[in-house]
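Contents: one structure, followed by commentary.
In the text below, chain A, chain B and the rest are named by the order of the sequence lines, each starting its count at 1. In this text the structure is predicted, and so the values were computed from the model without any measurement.
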2 protein chains.
Amino acid sequence: MIVNGSTVHEVLVAVFQVRHLGGHDDPKHHNGAELCVLLWERAMAPMVGMWSLPGGKLRSDEDLPTSARRQLAEKVDVRELAHLEQLSVFSDPHRVPGRRTIASTFLGLVPSPAEPELPSDTTWHPVTALPEMAFDHRTVVDYAHSRLAAKLSYTNIGFALAPEQFTISTLKSIYSAALGYHVDATNLQRVLGRRGVITPTGSTAPSGRSGGRPAAVYRFADSRYRVTDEFAALRPPG
Amino acid sequence: MIVNGSTVHEVLVAVFQVRHLGGHDDPKHHNGAELCVLLWERAMAPMVGMWSLPGGKLRSDEDLPTSARRQLAEKVDVRELAHLEQLSVFSDPHRVPGRRTIASTFLGLVPSPAEPELPSDTTWHPVTALPEMAFDHRTVVDYAHSRLAAKLSYTNIGFALAPEQFTISTLKSIYSAALGYHVDATNLQRVLGRRGVITPTGSTAPSGRSGGRPAAVYRFADSRYRVTDEFAALRPPG
DNA sequence: TCAAAAGTGTTAGATTTACACCCATGC
DNA sequence: GCATGGGTGTAAATCTAACACTTTTGA
């Protein structure tokens, strides 16, 4: 039974980061780097043992982005969060048991080298191997992922996944992991360069222990989200 | 002063239709056709005399799209609504005076020939000449417009603005009006044809009183929203 | 026959993937 | 030297805007 006026508004955030898993390098696609999402394991009913997105109830004195950041602070250092954007709203009256709960969902991005401390119930999960998730949270993750992939094409959103400074190789593995397919380093450099998304810093990175030419170091021109080319594309390989 | 739990959730819809205004044809851009949005004039405080988007409070037993259709039924025949999609949520605690109100906004589309009856306080307004609007509703209209323009490029969303059957000329003026710039009829036909968005019906339309070759009649292949080409573009003229 | 509207053919430009080839460094 | 990774040059494919030209109709 539903009591009028008892509707709750919650915020859910799909936080992504490109992370290097295990030792076994799999250079086939993304050089061991994988796109991961932050999940916590439910200890109490309902849905004990299933995995959920971080989030919680909206307060009456905060707007949605503020709430998302506050809720996230319980899981990760919010200063690590380089990008946060609103996705869809889930409003089915029966999407969760109990009081009617409307969920506003968000996409959050954490740059790659960061290694934030996590509570014991919280871990990163590769999006290619998600556990069983509570309620409609899996839908949120899938939607957030496709949104991220699309925006890598025509915006500078990559800045929120990459380190401050990086080589093209590093950027290539980040883009490959986030997109899920192989990205050509050569073309990535040219495309992002032409659009003014990345610029060389002038310095170079030392070459690895097995030799090789030292790589030029780049950074993103802007550190804030920007639509770079409405009609640009990063197409999957043919 | 804000009382906890008194938050209201409302729905706002920016309903667009391409309409032929006045007699003076302006073939420069869109052949007299203009993209219009449905607004009603406030008769009561606050903001008397200003123009607002249709919408209203969400009920506890309906989800957002259902609510949007119900609220809209008070303004237009909902059967005319060929497309409805969620946009952003506006959640600033002080976006409207009085009780805290969270607004979920929508984009709605009405096909071109329809001429729904409207209440006396409600009229169509060209997006190129919007009146002063209440609260943050102008922001919603602008956002909805840009979303529509973007989706005309890579989805079949045009079906929701066009008649069931149409000539390429008709479709061209609809696209031109919605996009705000001149679209080449030749290329529109080829692009949408190659993507399988439109198909010829086989019949032809009679030529006008001043002669001219009769135009082939087309229709949209699907009558439901579909992403046709993730990476396709309709670029503005160079 | 002529003007008007529709459709076809073609060109030029832009963008992107793919890949061969040259460059710089450590061992 | 030589293997290894990084960078440049370039070709091929795709797509799109622009526009000249042909086709079909009504007066």
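Note: OH (B:Tyr181) to P (D:dT16) measures 12 Å, nearest angstrom. D:dA11 atom C1' lies 14 Å from atom CG of A:Asp184, rounded to whole Å. Taking atom CG of B:Leu171 as the reference point, atom C1' of C:dA5 lies 17 Å away to the nearest angstrom. One can place CG of B:Leu188 at 15 Å from C1' of D:dC15, the figure rounded to the nearest angstrom.
Ring pair B:Phe159/B:His83 is perpendicular by interplanar angle, where above 60° counts as perpendicular and below 30° as parallel.
Salt bridge annotation for B:Asp77-B:Arg79: present, with a cationic side-chain nitrogen under 4.0 angstrom from a carboxylate oxygen. A salt bridge links B:Glu85 to B:Arg147: one of the charged nitrogens lies within less than 4.0 Å of a carboxylate oxygen. Ion pairing of A:Arg190 with A:Asp184 is absent here, as no side-chain N (NZ or NE/NH1/NH2) approaches a carboxylate O to less than 4.0 Å.
A:Thr201 contributes atom OG1, which lies 9.0 Å from atom OH of A:Tyr218 (distance to the nearest 0.5 angstrom).
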Contact state string [nucleotides 7-15 of chain C, B base, S sugar-phosphate only, - no protein heavy atom under 4.0 Å]: SBBB-----

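Taking both residues in full, the closest heavy atoms of A:Thr167 and A:Ala215 are given as CG2-CB, 3.6 Å, listed atom of the first, atom of the second, then distance.
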